[in-house]
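Everything below concerns the one structure shown next.
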Amino acid sequence: MSEYRLLIDLHKQAERQGPGSDAATEKAIALAGLAPTTPLKIADIGCGTGAAALVLARRLNAQITAVDFLPDFLDVLAQRAERAGLSERITPLAGSMDSLPFADEEYDVLWSEGAIYNIGFARGIADWKRYLKPGGLLVVSEITWTTAERPPELQAHWMSEYPDIDLASVKIGQLEQSGYAPIGYFVLPPTCWLDNYYRPMQERFRDFLARHDDSAEARAIVAAEQREIELYEQYSAHYSYGVYIARKLA
Ligand code: SAM
């Protein structure tokens, strides 16, 4: 099985495919000032199996287009929405975040947790802006340095994994330069990484390896995930996901 299929198999039964929590999604809803009764059209971009889309559907009077390029994740999202009685509110859509089939000014809110890095923060916020109504809201989480200085080993790791990692002040500046008014920012706490993402993943390792006959390819994936977890455990003071909330200027 290809590395790609193995990664899908490891992650698709998870409640989320990246760090986060229902509480963090709710905090972002509050900071964005979204009222529970106002009818809203929302796109959740890079939705995975629906961690954020399900909270948005539960908390808001919203029609949500949940976009991901992996149909396997969207199938799980559709099942979860059905079980939660929320299918009327969520429309799964298979597509890529670099060529979204949306009309200009179609959405009140664009939401994206742990996914914009796939095209890069600066490009994502600039490209997606046209899909927002004037005055519409962007809520996006992005890997962010939380200290001005950091150990060389950590710096080197992120420069090879995602050189766009930067301080919140830089990301907020990029929002300002791209025609948004930043209105809120917070950092995901360690529980979002450990309790909600890494520990559940580690609990899946054994069955994952068994399903794939302990193959070298499956073991390599577990080893890479384990290295990422150890890096976070050692250096969590220096980085996290920042959650950025900004309004599109008219
Ligand atoms: N938002 C979900 C969450 O917080 O659980 C998923 C986060 S996961 C780290 C990133 C997601 O982006 C994955 O579901 C992946 O399939 C999706 N993705 C990656 N590249 C994409 C692209 N070019 N277009 C659409 N989705 C993409």
Side-chain angles (χ1 to χ4, degrees), residues 2-29 42-58 64-81 84 90-102 107 109-128 131 138-144 158 161-162 164-165 186-189 191-201 204 221 224-225 228-229 232 239-245:
S2 69
E3 185 191 357
Y4 177 73
R5 293 302 314 170
L6 286 168
L7 278 167
I8 293 171
D9 184 60
L10 176 61
H11 288 283
K12 85 172 176 190
Q13 290 312 328
E15 287 195 9
R16 56 179 57 256
Q17 284 71 40
S21 68
D22 287 3
T25 300
E26 283 165 3
K27 184 171 176 172
I29 290 173
I42 302 181
D44 179 5
I45 304 171
C47 61
T49 61
L54 291 163
V55 175
L56 296 170
R58 210 176 297 126
I64 299 153
T65 307
V67 189
D68 205 283
F69 74 165
L70 292 181
D72 295 73
F73 287 176
L74 294 174
D75 290 346
V76 176
L77 164 58
Q79 290 158 16
R80 292 175 80 188
I90 301 178
T91 307
L93 178 70
S96 182
M97 62 177 74
D98 59 9
S99 58
L100 292 163
F102 299 158
Y107 288 94
V109 181
L110 296 181
W111 204 278
S112 183
E113 294 193 20
I116 199 170
Y117 69 88
N118 288 293
I119 54 169
F121 184 82
R123 175 177 167 202
I125 61 171
D127 286 3
W128 297 347
Y131 308 125
L138 173 73
V139 178
V140 62
S141 75
E142 163 76 340
I143 198 87
T144 298
W158 279 107
E161 287 297 309
Y162 184 57
D164 285 1
I165 186 171
F186 66 95
V187 175
L188 292 187
T191 177
C192 286
W193 292 76
L194 296 172
D195 301 331
N196 298 347
Y197 181 53
Y198 284 150
R199 299 297 176 242
M201 190 200 307
R204 294 194 304 276
I221 283 180
E225 298 283 15
E228 186 191 302
I229 294 169
Y232 178 77
Y239 65 99
S240 187
Y241 270 94
V243 181
Y244 299 83
I245 299 131

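In this text the structure is predicted, and so the values were computed from the model without any measurement. For ligands, and for the atoms within them, numbers begin at 1 and follow the listed sequence.
For A57, the side chain to side chain contact (heavy atoms under 4.5 Å, CB included) test picks out I64, L86, R89, I90, with sequence neighbours left out. Under the ring pair (Phe, Tyr, Trp, His ring centres under 6.0 Å) criterion, F102 pairs with Y107, Y131, sequence neighbours left out.
Heavy-atom distances between D98 and ligand 1 stay at or above 4.0 Å for every pair. Put simply, part of L70 is less than 4.0 Å from ligand 1, judged by heavy atoms. Residue S112 places no heavy atom under 4.0 Å from ligand 1. Look at A52 and you'll find every heavy atom at least 4.0 Å from all atoms of ligand 1.
The nearest heavy-atom contact from the protein to atom 15 (C) of ligand 1 is D68 OD1, 3.5 Å. For atom 19 (C) of ligand 1, the nearest non-hydrogen atom of the protein is N118 ND2, 3.1 Å. Of all protein heavy atoms, the one lying nearest to atom 24 (N) of ligand 1 is M97 N, 2.8 Å. Closest to atom 4 (O) of ligand 1 among all protein heavy atoms lies E113 O, 3.5 Å. In this structure, the protein non-hydrogen atom closest to atom 23 (N) of ligand 1 is S96 OG, 3.1 Å. Protein heavy atom nearest atom 18 (N) of ligand 1, with residue, atom name and distance: F69 CE2, 3.5 Å. Looking at atom 10 (C) of ligand 1, its nearest protein heavy atom turns out to be G114 O, 3.5 Å. Of all protein heavy atoms, the one closest to atom 5 (O) of ligand 1 is Q17 N, 2.8 Å.
Checking each of I116, I125, V243, I165 against E142 for a side chain to side chain contact (heavy atoms under 4.5 Å, CB included) leaves exactly one that passes, namely I116. A side chain to side chain contact (heavy atoms under 4.5 Å, CB included) with W111 is found for one member of V55, I45, T25 and no other, namely T25. Remark: of the listed residues H11, R80, E15, K12, R80 is the sole one forming a side-chain hydrogen bond (donor to acceptor under 3.5 Å, both in side chains) with T49.
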Salt bridge (charged side-chain N to carboxylate O under 4.0 Å, His left out) assessment of R123 paired with D127: CA-CA 6 Å; R123 175 177 167 202; D127 286 3; 3.1 Å; yes

CA sep, side-chain torsions, deciding dist, call: Y241, C192, side-chain contact (heavy atoms from CB on, under 4.5 Å): CA-CA 9 Å; Y241 270 94; C192 286; over 6 Å; no

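Of all atoms in ligand 1, numbered sequentially from 1 with element shown, those under 4.0 Å from a heavy atom of G18 are 5 (O). Atom numbering of ligand 1 starts at 1 in the shown order; those under 4.0 Å from a heavy atom of R16 are 5 (O). Near G95, the atoms of ligand 1 lying under 4.0 angstrom from a non-hydrogen atom of the residue are 24 (N), 25 (C).
Taking each heavy atom of S112 and A115 in turn, the nearest pair found is OG-CB, 3.7 Å.
With rounding to the nearest 0.5 Å, the separation of NZ in K27 from CG in D22 is 14.5 Å. Atom CG of L70 sits about 12.5 Å away from atom CG of L77, to the nearest 0.5 Å.
For the residue pair E225 and Y198, no side-chain donor N or O sits within less than 3.5 Å of a side-chain acceptor on the partner.
Considering each of C47, G46, P19, the one bringing a non-hydrogen atom nearest atom 11 (C) of ligand 1 is G46.
Ligand 1 has no nitrogen or oxygen under 3.5 angstrom from a nitrogen or oxygen of F73.
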